Amino acid sequence: MSRYLLITAIMGVGLLSGCGSTPINLYDDITMKKHEYNGIKAYKKGDYKQAFMYLKDPAALGYKSAQYTLSFMFLKGQYLTQSTNMGMGWLGVAKEAGVKSWQAQYNTFYNAATSAQQLKIDETVALYISQYGSKAQKMTCRRSTTPRRTFGEIKIDCNKHDGTVTKYEVQTKE
């Protein structure tokens, strides 16, 4: 019996590591919100390496402000290799929050792309939504009525639902 359990466990780990994802119990919302806040703060100071280190986990777990900030790190090539496609992927999943200015930015960039680029962006956005989107990460996000005092930005308050989610690693290269 114990041999069967060991083989099952080994097979399960092999399958999970093969797809680049890991099922996890919920991260502590407070910790992820702190990482998101500290990442945005580092971004505003121009410390892009530190910003990425703080933002990658909350972005992967569906926190919209982290995703939004990460999108511009890719679009502008700040610490990360510049990638319009990956930046638009993150912006596309961040706009699930329903922020009109984020949607307008996405539309402006998307409309400036060629039809071939738009097809690639569509594929990336669909993939990112399936991995990092609100539904995939069991996340509920709502716009706060109080703007962040520190940055004068729109505050998106995200909270996890109960259950296990799959954490996908944030890819930094296409």
Side-chain angles (χ1 to χ4, degrees), residues 18-22 32-33 35-144 147-148 150-160 165-174:
C19 67
S21 63
T22 309
M32 288 299 106
K33 288 176 183 181
H35 282 247
E36 182 180 55
Y37 176 84
N38 288 330
I40 294 168
K41 189 174 176 181
Y43 180 83
K44 294 289 184 177
K45 289 181 177 179
D47 187 351
Y48 303 123
K49 180 179 181 180
Q50 189 68 29
F52 178 74
M53 295 304 152
Y54 274 120
L55 293 171
K56 66 181 179 174
D57 284 340
L61 292 168
Y63 291 82
K64 298 303 174 194
S65 293
Q67 292 173 344
Y68 177 77
T69 306
L70 195 59
S71 74
F72 282 92
M73 292 180 72
F74 277 106
L75 289 168
K76 295 178 178 182
Q78 296 166 320
Y79 178 68
L80 304 164
T81 301
Q82 192 280 331
S83 172
T84 300
N85 188 50
M86 293 174 83
M88 288 297 288
W90 283 109
L91 188 54
V93 74
K95 69 184 178 76
E96 285 184 321
V99 178
K100 289 179 184 178
S101 62
W102 295 4
Q103 179 69 50
Q105 287 172 322
Y106 179 88
N107 291 341
T108 298
F109 298 150
Y110 187 84
N111 292 333
T114 66
S115 57
Q117 290 170 323
Q118 289 176 347
L119 287 173
K120 194 171 181 184
I121 290 167
D122 292 341
E123 290 173 5
T124 302
V125 170
L127 174 65
Y128 284 18
I129 288 173
S130 74
Q131 294 177 341
Y132 312 115
S134 298
K135 190 174 184 180
Q137 290 298 323
K138 298 182 174 111
M139 180 71 71
T140 300
C141 298
R142 64 179 176 80
R143 183 177 169 175
S144 174
R148 288 187 181 183
T150 306
F151 306 122
E153 298 172 345
I154 297 164
K155 183 176 188 309
I156 304 298
D157 188 28
C158 294
N159 296 292
K160 287 280 192 192
V165 296
T166 301
K167 181 183 175 215
Y168 295 90
E169 293 301 316
V170 172
Q171 301 301 311
T172 57
K173 299 199 189 302
E174 286 189 68

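From a predicted model like this one, the values you see are computed outputs, not experimental measurements.
Between atom CE of residue M88 and atom NZ of residue K95 there is a gap of 8.5 Å, rounded to the nearest 0.5 Å. For the atom pair CD1 (I40) and NE2 (H35), the distance works out to 13.0 Å, reported to the nearest 0.5 Å. Separating the OG atom in S101 from the OH atom in Y68 is a distance of 5.5 Å, to the nearest 0.5 Å. We find the CG-OG1 distance between L91 and T124 to be 12.5 Å, quoted to the nearest 0.5 Å. In this structure, the separation between CD on E96 and CD on Q103 is 11.0 Å, given to the nearest 0.5 Å. Separation of atoms CG (L55) and CG (N38) is listed at 9.5 Å; rounding is to 0.5 Å.
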Ignoring hydrogens and angles, write down the donor-acceptor pairs under 3.5 Å from the side chains of residues 47-54, residues two or more places apart or on other chains.
residue, atom, partner, partner atom, Å
D47, OD1, Q50, N, 3.3
Y48, OH, Q78, NE2, 3.3

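Screening Y132, Y63, Y106, F72 for a ring pair (Phe, Tyr, Trp, His ring centres under 6.0 Å) with W90, the sole residue that qualifies is Y132.
L61 is listed as a side-chain neighbour of M32, based on a closest heavy-atom distance under 4.5 Å. Between L80 and L70, the closest side-chain pair of non-hydrogen atoms falls below 4.5 Å. Counting heavy atoms from C-beta outward, F74 and Q82 have side chains that stay 4.5 Å or more apart. Residues Y128 and Q67 have side chains not in contact (no heavy-atom distance under 4.5 Å, counting atoms from C-beta outward). Side-chain contact between T108 and Q105 is absent, with no heavy atoms from C-beta onward closer than 4.5 Å.
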Quiz item: Do I121 and N85 pass the side chain to side chain contact (heavy atoms under 4.5 Å, CB included) test, and can you show the C-alpha distance, the side-chain angles, and the key distance before you say yes or no?
Solution: CA-CA 6 Å; I121 290 167; N85 188 50; 3.9 Å; yes
Exercise. Any chance you could lay out the salt bridge (charged side-chain N to carboxylate O under 4.0 Å, His left out) test for K120 and E174, step after step, and finish with the verdict?
Key: CA-CA 12 Å; K120 194 171 181 184; E174 286 189 68; 3.4 Å; yes
Quiz prompt | Test side chain to side chain contact (heavy atoms under 4.5 Å, CB included) applied to Q171 and E169, step by step | solution = CA-CA 6 Å; Q171 301 301 311; E169 293 301 316; 4.0 Å; yes
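Between the side chain of Q137 and the main chain of Q131, a donor-acceptor pair closer than 3.5 Å is present. At least one donor-acceptor pair closer than 3.5 Å links the side chain of S130 to the backbone N or O of L127. A donor-acceptor contact shorter than 3.5 Å is absent between the side chain of Q118 and the backbone of S115. A distance-only check finds a donor-acceptor pair linking the side chain of K64 to the backbone of V93 [under 3.5 Å].
Considering all non-hydrogen atoms of both residues, S71 and G87 come closest at CB-O, 3.2 Å.
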